[in-house]
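In what follows, chains carry the letters A, B, and so on, assigned in the order in which the sequence lines appear, proteins first and then strands, with residues in each chain numbered from 1.
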Protein chains: 2
Amino acid sequence: MQIIPDELDRRMALFEKTLKEAGVKITHQRLEIFREVASSLNHPDAETLFRNVRKKLPTISLDTVYRALWLMVDLGLLTTLGASRDRTRFDANMESHHHFVCSVCGMTHDFYDAGFDRLPVPEKVMEIGKAESVQVRIKGICMRCMRKKEAH
Amino acid sequence: MQIIPDELDRRMALFEKTLKEAGVKITHQRLEIFREVASSLNHPDAETLFRNVRKKLPTISLDTVYRALWLMVDLGLLTTLGASRDRTRFDANMESHHHFVCSVCGMTHDFYDAGFDRLPVPEKVMEIGKAESVQVRIKGICMRCMRKKEAH
DNA sequence: TCCTAATTAGGAACTATTATTATTTAAAAA
DNA sequence: TTTTTAAATAATAATAGTTCCTAATTAGGA
Ligand SMILES: [Mn+2]
Ligand SMILES: [Mn+2]
Ligand SMILES: [Zn+2]
Ligand SMILES: [Zn+2]
């Protein structure tokens, strides 16, 4: 599963622009870390990104990967998925989208739905706080896990 | 914030029934741990529950709290909220409901919405897997954090 | 090119969670 | 009721994910 090159280019351009505007340095490490997460459709965790980035930058440290990722989250270039029992996963897809999460294997798949994007915030929620985003998470069993289950 | 006594009784009764049916022992520890999480509206974490249960059972161990909580999750008596940067939080509210999450302080508040409960699963999602539940998460800033912010 | 504040690598530390094991106990059987 | 025993617990050690510390390096401005 690879992203289309044009979209990757768009993301990389936004990355450079955003870091410059924020006045933080564009280092090799940050560039390669972002390229890696921005290329993936898998919502990878920090450890996975670390392993992949190390192929290009063999001396990079895990700490740098974490620092870079949280910086990018703060800058609005990434979001995170909290998968409970699991480690944190990162998502470079900043378009309005939703997730299907497999309750067996944890696989997390994006999907788009214009109706979901425009769900009206109920009035009673406005008493709780000021809503900024609405996201739908569908839990279920993915195809692969379903097939595995059927085959005992 | 306390739960209404009737609802707590209902939850406690279901707890006993569920454990019996599953053939697992109803221990003091499990009882008090469940009572604690079932009494709360705050989505507490394991450490918080541990501290509170220790008032009644001073020798209980944190490990027991975790084991009991995950058991109850497996038995369908609790769910968890994965709050990313944070520790796991547990939820004894098993009715169909949704969450408002404050992006500043992490406060997580239940709300109910019949419309959200019946959101139709988009067709394209059926190709990803078999959906079992749909939950909406609204992120934003809670009233308290908003007031704090205004007061500089 | 030189300078310097920002960033990094590496390893130690920290925190949430889980495993190990000897002891205790719930609840079934007698 | 007492006995029996598999299940559950407390205490502590171990893991795993993440963050902190510090000396060395570097991006980018002067
Ligand atoms: Mn996504
Ligand atoms: Mn809830
Ligand atoms: Zn799966
Ligand atoms: Zn808040």
Please determine if [X] and [Y] form a salt bridge, counting it only when a charged side-chain N lies under 4.0 Å from a carboxylate O.
X: A:E127; Y: A:K124; result: no
X: B:R10; Y: B:D6; result: no
X: A:E32; Y: A:K56; result: yes

Can you measure [X] atom [atom1] to [N] atom [atom2] for me and round it to whole angstrom units?
X: A:L49; N: D:dG17; atom1: CG; atom2: C1'; value: 14 Å
X: B:L31; N: D:dA8; atom1: CG; atom2: P; value: 15 Å
X: A:L57; N: C:dT7; atom1: CG; atom2: P; value: 17 Å
X: A:D74; N: D:dT19; atom1: CG; atom2: P; value: 11 Å
X: A:L69; N: D:dT18; atom1: CG; atom2: P; value: 10 Å
X: A:E32; N: D:dT26; atom1: CD; atom2: P; value: 16 Å
X: A:I60; N: D:dT26; atom1: CD1; atom2: P; value: 13 Å
X: B:H28; N: C:dT25; atom1: NE2; atom2: C1'; value: 9 Å

**Q.** Separation of B:F34 CZ from B:L49 CG (nearest 0.5 Å)
**A.**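 So the CG of B:L49 and the CZ of B:F34 are separated by 11.5 Å.
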**Q.** Gap between atom CZ of A:F111 and atom CZ of A:F116 - 0.5 Å precision
**A.**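 The CZ atom of A:F111 is 5.0 Å from CZ of A:F116, to the nearest 0.5 Å.
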If only side-chain N and O atoms of [X] are considered, is one of them under 4.0 Å from the OP1 or OP2 phosphate oxygen of [N]?
X: B:T64; N: D:dA10; result: yes
X: B:R67; N: D:dA8; result: no
X: A:W70; N: D:dT18; result: no
X: B:T59; N: D:dT9; result: no
X: A:Q29; N: C:dA9; result: yes

Q. Got a sec? Which of residues 13-22 of chain A come in under 4.0 Å of DNA chain D, heavy atoms?
A.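 Residues of residues 13-22 of chain A that come under 4.0 Å of DNA chain D do not exist, since none gets that close.
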Q | Which nucleotide in C:dA27, C:dA9, D:dG17 has an atom nearest any side-chain atom of A:Y66 | A |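 Nearest nucleotide to the side chain: D:dG17.
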Q) Choosing from D:dA8, C:dT8, C:dT17, which nucleotide comes nearest the side chain of A:T27? A)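 So the side chain of A:T27 is nearest to C:dT8.
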Q. If each of B:D63 and B:K25 is mapped to the nucleotide of DNA chain D with the nearest heavy atom, which maps nearer the 5' terminus, i.e. the 5' end?
A.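 The residue mapped nearer the 5' terminus is B:K25.
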Q) Does the base of C:dA16 carry an N or O that pairs as donor and acceptor with the side chain of B:D45 under 3.5 Å? A)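 Under the 3.5 Å cut-off, the side chain and the base do not form any donor-acceptor pair.
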Q: Answer yes if the ring centres of A:F100 and A:H109 are under 6.0 angstrom apart, and no otherwise.
A: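 Distance test on ring centres: not under 6.0 Å, no.
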Q: Answer yes if A:V101 and B:V134 sit in the same cluster of Ile, Leu, Val, Met, Phe, Trp and Tyr residues linked by side chain heavy atoms under 4.5 Å apart, and no otherwise.
A: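 No: no chain of side-chain contacts under 4.5 Å links A:V101 to B:V134.
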**Q.** Taking every non-hydrogen atom, the tightest pair across B:L62 and B:A46
**A.**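 Taking B:L62 first and B:A46 second, the nearest heavy atoms are CD1-O, 4.3 Å.
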Q: Give B:L62 one of three labels, base, sugar-phosphate or nothing, depending on what nucleic acid heavy atoms sit under 4.0 Å from its own.
A: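 B:L62: base contact, heavy atoms under 4.0 Å.
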Q: Only one of A:D63, A:T64, A:T59 passes side chain to side chain donor-acceptor pair (under 3.5 Å) with A:S61; say which it is.
A: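 By the side chain to side chain donor-acceptor pair (under 3.5 Å) criterion, A:S61 pairs with just one of A:D63, A:T64, A:T59: A:T64.
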Q) Any chance the side chains of A:H98 and A:D113 put a donor and an acceptor closer than 3.5 Å? A)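 Note: A:H98 and A:D113 side chains miss the donor-acceptor criterion.
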Q: Rounded to 10°, tell me the angle between the two end axes of the helix from C:dT1-D:dA30 to C:dA30-D:dT1, each built from five pairs.
A: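 Axis-to-axis angle, ends of the helix: 40°.
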